[in-house]
Amino acid sequence: MTLRPQVRVLEAASCKMHGKACLHFTLVKGPFPGPSLRWDAFVHRLPPLPSPVGLSSNFVFRIGFWRQQLTSRLELRGSLPSKGFQKIQRNGVRLGSRVRGICFYAVTAMGAIPLFMTMMLVHPLVMIFDRYKRRVHHMIAQMWATMTIFPFYRFEFEGLENLPPGDAPAVYVSNHQSFLDTYTLLTLGRSFKFISKRSIFVIPIIGWAMFLMGVIPLRRMDSRSQLECLKSCMDYVRKGASVFFFPEGTRSKDGKLGAFKRGAFTVASKTEAPVVPITLLGTRELMPSGMEGILNSGSVKVVIHKPLKGKEAEVLCNASRSVIADTLISHVE
Ligand SMILES: CCCCCCCCCCCCCCCC(=O)OC[C@@H](O)COP(=O)(O)O
């Protein structure tokens, strides 16, 4: 293995690390093509303030066209928020986030098995004594969700006093940014029935538990399935239970709040049940849509807003969306 100094002056377009003009002094160790280790010192030539000066080491593994890069970077002074050798990245995703993701799913799977067995055991009694709310199942789901997320991120609730007293029937709605939304909301321990896309029911154990809990399936593009879903929701609410909609119908891909579908608000206006708007903050930063395999570090906040009542679905829809939109805007750094 030879150590070969390389000095490279990278134009803005080619400095992938900083996207700006900068000077790199690189020591390359290792035969080419093959695994190589590079030490890279960089100074920005035309720095806006603050400009990063630092050291990074790239371990580049190359076999034929396959290339894998692990980067760690020490920013002595930089534009990145935090300093220090803590960002070991693979393809731009921090190793820590990958490891956390794997642990997260291990914990959630290990917890689900015994808890699901318990659910199965008590299910006949639940269907006899508490057919609509199924509170015992929600307590089990609350335990599962809490034990799953507790080791990985802090979550706090604001506005708990706005929750309908005694689990009274209501239509809950919130923005939707991540799979973590469901986990976080389940820790509330309320017996609301989620409206879920059918494909989630196929997940072993979780899907079966959703069935036992009375989660309402929906084929999103199918108008008949939408009607059946609304009918089930109205039936549940009239029988004293609550339902939970993500009116955007899908997770936000860019963090912006999408348009709200009317279904939830039709159920509320027809059953005269209150709408409880909820804003979820931070889940997307932890596990963005399309990156379900990773879990970044961070925290989550859930804001429960004052319940809204009314006979006009459109009015309820607009009022709910704007209170959530305002809260999202007010929490943008
Ligand atoms: C025994 C262990 C206990 C297990 C309890 C499991 C309870 C799980 C409740 C799941 C409720 C799921 C609600 C999902 C709502 C939904 O369907 O949202 C769609 C998005 O997400 C994904 O769609 P997309 O963003 O378009 O990919």
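This is a predicted model, so every value here is computed, not measured. All ligand and atom numbering here is 1-based and tracks the order in the structure.
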- Hey, mind stepping through V243 and V237 against side-chain contact (heavy atoms from CB on, under 4.5 Å) and telling me if it holds? CA-CA 7 Å; V243 289; V237 172; 4.0 Å; yes
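- Remark: K253 NZ is packed, more than 12 non-hydrogen atoms of other residues, nucleotides or ligands lying under 6.0 Å away.
- Where the criterion is an N or O separation shorter than 3.5 Å, residue side chain and backbone included, S289 fails it with respect to ligand 1.
- Contacts classified as salt bridge (Lys or Arg N to Asp or Glu O under 4.0 Å) and involving residues 138-154 (residues at least two apart or in different chains) are not found.
- By the 6.0 Å and 45° rule, R251 stacks over the aromatic ring of F179.
- Looking at atom 11 (C) of ligand 1, its nearest protein heavy atom turns out to be T182 CG2, 3.4 Å.
- Close N/O approach between W144 and ligand 1 is not found [any backbone or side-chain N/O within under 3.5 Å].
- With hydrogens and angles ignored, the 3.5 Å screen pairs no side-chain donor or acceptor of Q177 with any backbone N or O of L281.
- Summarising the contacts of atom 7 (C) of ligand 1 with M213, M119, K193, E248, the nearest heavy atom is found in M213.
- F244 does not count as a contact of ligand 1, since none of its heavy atoms falls under 4.0 Å from the ligand.
- Applying the ring-ring contact (aromatic ring centres under 6.0 Å, His included) rule to pairs touching residues 253-309 yields nothing, sequence neighbours excluded.
- Between T250 and ligand 1, at least one pair of N/O atoms sits closer than 3.5 Å.
- A donor-acceptor contact under 3.5 angstrom links the side chains of S252 and D254, judged on distance only.
- Protein heavy atom nearest atom 21 (O) of ligand 1, with residue, atom name and distance: H176 NE2, 2.9 Å.
- If you check which protein heavy atom lies closest to atom 27 (O) of ligand 1, you get R251 NH2, 2.7 Å.
- Protein heavy atom closest to atom 1 (C) of ligand 1, with residue, atom name and distance, is F116 N, 3.4 Å.
- Between Y236 and Y132, the shortest heavy-atom contact is CE2-O, 3.7 Å.
- Counting only heavy atoms of the protein, atom 17 (O) of ligand 1 lies nearest to K197 N, 2.8 Å.
- Here the protein heavy atom with the shortest distance to atom 13 (C) of ligand 1 is S196 CB, 3.8 Å.
- Counting protein heavy atoms only, atom 15 (C) of ligand 1 is closest to I195 O, 3.5 Å.
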